[in-house]
Structure formats: C-alpha cells, structure tokens
**Student:** 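First the structure, which I've put down as structure tokens, then a few questions once you've had a look.
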Amino acid sequence: MSGANSWLQRQRKTDLTELAQHTGLKNFESLKKPELELALDEYLAENANTFSSDPKLANYYSSRARTVGSPMKRDAVDGAVEKLKVAKRRATKAVEEIVAPAESDDEPTSTSTAVARTPGRALSLASRIPLPATPADVAEAVDRSTVAVRTRVVSLYRESGITEATHATRESLSTVASVLFAISAFELYFLRPEILADRYAFTIPAISFLGTKDFPVFVPDMFLLLTSSFWSPALLWAFTSAILPSIAGYFVNLSVNSPHHGRVTRRSSFHATSDPVVDPLAFSIAKALISYVVYGEGITFGGWIDDTSIARINTAIYGGYKGILTGTAITGILSIYDAVLKK
C-alpha cells in the first residue's frame with residue numbers, strides 16, 4: 001500500500017489519537033501524523049474482525065471497502081477465474097461452449113452476493129434512507145399549516161355572509177323607529193304574564209344520561225283571549241302607548257314644514273322620501289302625556305277607562321308609569337339627536 005487510507009488522511013491528529021486510544025494501539029505517542037495514519041491503517045486492517053462492527057470505525061471500513069474491495073468479493077472472483085482456466089485446459093471446444101455460459105451465469109450471482117454483503121453497500125443503502133426532519137423544517141411546516149388554516153377560516157367567514165348580515169342588522173337598528181319598537185317590546189314582555197297568564201301544560205321527564213331533572217312546561221292560557229280580563233288592559237295599553245301617540249305624531253309632524261320642502265331639488269327629494277310618516281318626537285311627547293294622565297293620575301275620563309285595568313298595567317310594567325315616562329324620554333332625546341344629524 002503506497003499510503004494510508006483516505007479517510008484517515010482527512011482526520012485531524014487529535015482524532016487519530018483518540019482512535020488509537022479507542023482501539024488499543026500501542027507506542028503511538030511519538031509518531032507524526034503520516035506515521036500514525038499508516039500505523040492505524042495497518043492495525044485496523046489486521047484486526048478487521050474485531051473493529052468492523054464499531055460505529056466509530058464504520059466510515060473507515062466503508063472507505064477501505066471502496067478502495068481495496070471486500071475479501072469475500074475478491075475470493076469469489078478468483079475462484080471463478082480458476083474454474084474457467086481448468087475448464088479451458090481439460091474440455092473440448094464443444095464442451096467449452098456449453099460450460100463457459102454456465103460458469104458466466106454463476107459468476108454474477110456469487111459476485112452480487114458478495115457485493116451485497118460488503119459494509120460499503122450497506123452504508124450506501126443507509127445513506128438513501130430519509131432522515132427525520134430538522135426543527136427548522138418542522139417549524140416551516142407548522143407555519144404553512146397555520147397560514148392554510150387561517151386562509152380557509154377567513155374564506156369560510158366571508159362566504160357565510162355574517163359580515164353583510166351584521167351590517168344590515170346594524171343599519172336596521174340604528175333608527176329612532178327601531179328604538180321605539182324595542183321599548184314597546186320591553187313593555188309587552190312584562191305586561192304579557194299579567195294579561196295572558198301561563199298555565200301548566202306538561203312535564204319533560206328527567207334524562208339520567210344528561211343528568212337533567214323533571215322540567216315542567218308552562219304555556220300561555222289562550223282561553224283568556226275570550227274574556228274581558230285580557231282585552232280591557234290590552235286595549236288600554238295599545239291606545240295609550242301606540243294608537244293615540246301615533247295619531248298625534250302623524251298630524252303634528254314637524255318635518256313636514258322643514259325648509260327643504262320649499263324647493264324641489266335632488267337633495268330635497270331625497271330628504272322628502274326619508275322623512276318619517278310619524279314624527280318620533282311628537283309620538284314620544286304624546287305618549288308621555290297620556291301615560292302620566294292615565295297611569296300616574298288615574299283619570300278615567302268619566303268612567304270610560306276601568307280602574308282595575310289601570311292598576312294591572314301600572315303594576316305589571318317595569319317601574320310602573322315612571323318606567324313608561326323614562327322610555328319616552330329616551331326616544332325623545334334620540335329623535336332630537338337624529339334630526340340634528342340629518343341637517
């Protein structure tokens with residue numbers, strides 16, 4: 001061998017010294033790097049059976065197998081060549097034509113078997129096995145997945161139409177009329193149990209799987225619609241809180257005599273179409289006055305209004321007549337604010 005193994009030549013002297021200590025090489029302390037390379041090469045080649053399975057020396061034996069060739073491979077090739085020479089000396093030409101192909105068929109099989117058993121082939125096969133991903137690759141994959149999920153969620157949110165429905169709901173509720181209806185619904189919520197009482201209907205049995213108890217169900221007693229105990233307070237509330245204030249707001253509509261009604265322009269025609277039929281400010285003032293007179297002072301207008309109905313409504317609505325006056329104050333202030341914004 002003209003020189004040391006190429007893998008040993010690429011190592012630093014400190015690495016060679018550690019290999020010498022690891023393999024048990026003696027009297028290497030005074031050797032220089034080239035001498036230590038040759039000494040290790042000879043020592044490892046002589047003790048291949050001992051150190052060939054050592055992971056630290058796997059690269060050395062792989063390099064040596066590529067450079068020198070496996071002993072098993074060399075023995076198989078030499079045996080095949082020797083058999084071929086004996087066949088040529090002892091056989092006739094016809095027999096040589098028959099034997100030669102058979103020997104040539106056996107040679108690749110034995111050679112390929114020997115090659116497959118060499119450490120170099122095993123290491124090259126291991127090098128083709130995909131290694132686990134690095135932390136950077138994992139982080140990049142997580143980022144891509146996060147971006148894809150976020151993009152999908154945003155697209156689903158846009159396709160659902162939630163944004164359009166939200167804007168439409170906000171525009172519908174951002175009016176004085178919506179506030180008026182909300183306050184009337186609030187009053188009806190407390191008035192309904194008084195004029196249309198609940199009655200027991202049935203019981204939902206307990207479900208042990210869900211851990212629930214027996215749940216009694218109550219529904220409004222619809223038979224009360226046939227009695228005066230429902231219609232007397234219901235009509236009284238409808239007249240004092242809706243019908244009479246609406247009539248007052250229709251006839252006392254301050255927006256009718258606003259300045260933009262004098263000239264018909266594109267802008268004035270837009271305001272004319274957007275003006276309410278019932279003035280919300282006049283509606284609120286009329287409702288406050290009527291509620292105070294009827295529910296606050298108890299005036300029956302010569303017996304036209306039942307005292308019992310006044311007492312029932314005054315008791316049922318949250319805060320009594322003072323609660324009604326508070327609602328009218330809120331709608332009156334909002335109507336003034338809305339008129340200022342439209343100017």
Side-chain angles (χ1 to χ4, degrees), residues 1-77 108-170:
M1 185 182 297
S2 59
N5 182 269
S6 60
W7 182 81
L8 292 174
Q9 292 177 357
R10 293 193 299 270
Q11 306 301 314
R12 295 178 297 181
K13 186 175 181 181
T14 55
D15 299 332
L16 296 176
T17 303
E18 292 180 359
L19 288 177
Q21 294 176 354
H22 177 71
T23 56
L25 181 64
K26 300 179 180 179
N27 302 324
F28 65 88
E29 290 81 1
S30 60
L31 298 178
K32 296 181 180 180
K33 186 176 184 295
E35 298 173 350
L36 183 57
E37 293 172 0
L38 292 174
L40 275 173
D41 193 9
E42 295 176 358
Y43 180 72
L44 295 176
E46 293 174 357
N47 298 276
N49 294 332
T50 303
F51 300 109
S52 60
S53 60
D54 194 334
K56 292 185 177 181
L57 301 172
N59 293 330
Y60 164 77
Y61 285 107
S62 175
S63 176
R64 180 177 177 79
R66 290 194 298 269
T67 304
V68 180
S70 174
M72 296 177 65
K73 177 181 178 181
R74 186 167 59 252
D75 293 342
V77 174
T109 303
S110 60
T111 304
S112 61
T113 305
V115 170
R117 295 179 180 177
T118 57
R121 292 287 180 177
L123 292 174
S124 62
L125 177 61
S127 64
R128 292 194 296 269
I129 298 176
L131 298 176
T134 61
D137 295 336
V138 174
E140 185 178 357
V142 171
D143 292 339
R144 289 198 301 267
S145 301
T146 304
V147 172
V149 171
R150 185 169 61 249
T151 304
R152 181 58 179 168
V153 170
V154 171
S155 63
L156 289 176
Y157 177 78
R158 291 177 179 175
E159 293 174 359
S160 64
I162 296 177
T163 304
E164 292 77 5
T166 302
H167 292 323
T169 305
R170 185 182 65 177

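Computed from a predicted model, the values in this text were never measured in an experiment. Computation of the quantities below employed the complete heavy-atom set of this structure, encompassing side-chain atoms and omitting hydrogens, waters and symmetry-equivalent molecules. If you read the sequence from its start, that first residue is 1, and numbering goes on from there.
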**Student:** Which atom pair, heavy atoms only, marks the closest approach of His22 to Asp54?
**Tutor:** NE2-OD2, 2.5 Å
**Student:** Once you round to the nearest 0.5 Å, how far does CG of Leu8 lie from CG of Leu38?
**Tutor:** 9.0 Å
**Student:** Tell me, yes or no, whether the heavy-atom count around Asp143 atom CG, taken from other residues, nucleotides or ligands under 6.0 Å, exceeds 12.
**Tutor:** yes
**Student:** Can a donor-acceptor pair be found, under 3.5 Å and without considering hydrogens, that links the side chain of Tyr157 to the backbone of Arg152?
**Tutor:** no
**Student:** Can you name the closest pair of heavy atoms from Leu40 and Ala20 and give their distance?
**Tutor:** CD2-CA, 3.9 Å
**Student:** Atom OG of Ser6 and atom CD of Glu37: how far apart are they, to the nearest 0.5 Å?
**Tutor:** 10.5 Å
**Student:** What are the two closest non-hydrogen atoms of Ala45 and Tyr60, and how far apart are they?
**Tutor:** N-OH, 3.9 Å
**Student:** Where the side chain of Asp41 meets the backbone of Asn5, is there a donor-acceptor pair that is under 3.5 Å apart?
**Tutor:** yes
**Student:** Can you see which heavy atom on Leu57 is nearest to which on Leu44, and at what distance?
**Tutor:** CD1-CD2, 3.8 Å
**Student:** Might you work through the side chain to side chain donor-acceptor pair (under 3.5 Å) test for Arg66 and Ser62, ending with a clear yes or no?
**Tutor:** CA-CA 6 Å; Arg66 290 194 298 269; Ser62 175; 2.8 Å; yes
**Student:** How many angstroms lie between CD in Gln21 and NZ in Lys26, if you round to the nearest 0.5 Å?
**Tutor:** 14.5 Å
**Student:** Ignoring hydrogens and angles, tell me if any N or O in the side chain of Ser52 forms a donor-acceptor pair with the backbone of Ala48 under 3.5 Å.
**Tutor:** yes
**Student:** Applying side-chain contact (heavy atoms from CB on, under 4.5 Å) to Val153 and Arg150, what does each step give before you reach the verdict?
**Tutor:** CA-CA 5 Å; Val153 170; Arg150 185 169 61 249; 5.8 Å; no
**Student:** Taking all atoms of both residues into account, what is the closest heavy-atom pair of Tyr61 and Phe51, and its distance?
**Tutor:** CE1-O, 3.3 Å
**Student:** With side-chain contact (heavy atoms from CB on, under 4.5 Å) as the test, would you mind laying out the steps for Thr23 and Lys56 before giving the verdict?
**Tutor:** CA-CA 10 Å; Thr23 56; Lys56 292 185 177 181; over 6 Å; no
**Student:** Could you measure the distance from the OG1 atom of Thr169 to the CD atom of Glu164? Nearest 0.5 Å is fine.
**Tutor:** 11.0 Å
**Student:** Determine, step by step, whether Leu25 and Leu36 satisfy the side-chain contact (heavy atoms from CB on, under 4.5 Å) criterion, reporting the C-alpha distance in whole Å, the side-chain angles of both residues, the deciding distance to 0.1 Å, and the verdict.
**Tutor:** CA-CA 10 Å; Leu25 181 64; Leu36 183 57; 4.2 Å; yes
**Student:** Please confirm whether the backbone N or O of Gln11 pairs with a side-chain atom of Lys33, one donor and one acceptor, at under 3.5 Å?
**Tutor:** yes
**Student:** Judged by modelled atom types alone, do Thr134 and Asp137 share a side-chain donor-acceptor pair under 3.5 Å?
**Tutor:** yes
**Student:** Shortest non-hydrogen contact from Phe28 to Thr17?
**Tutor:** CE1-CG2, 3.7 Å
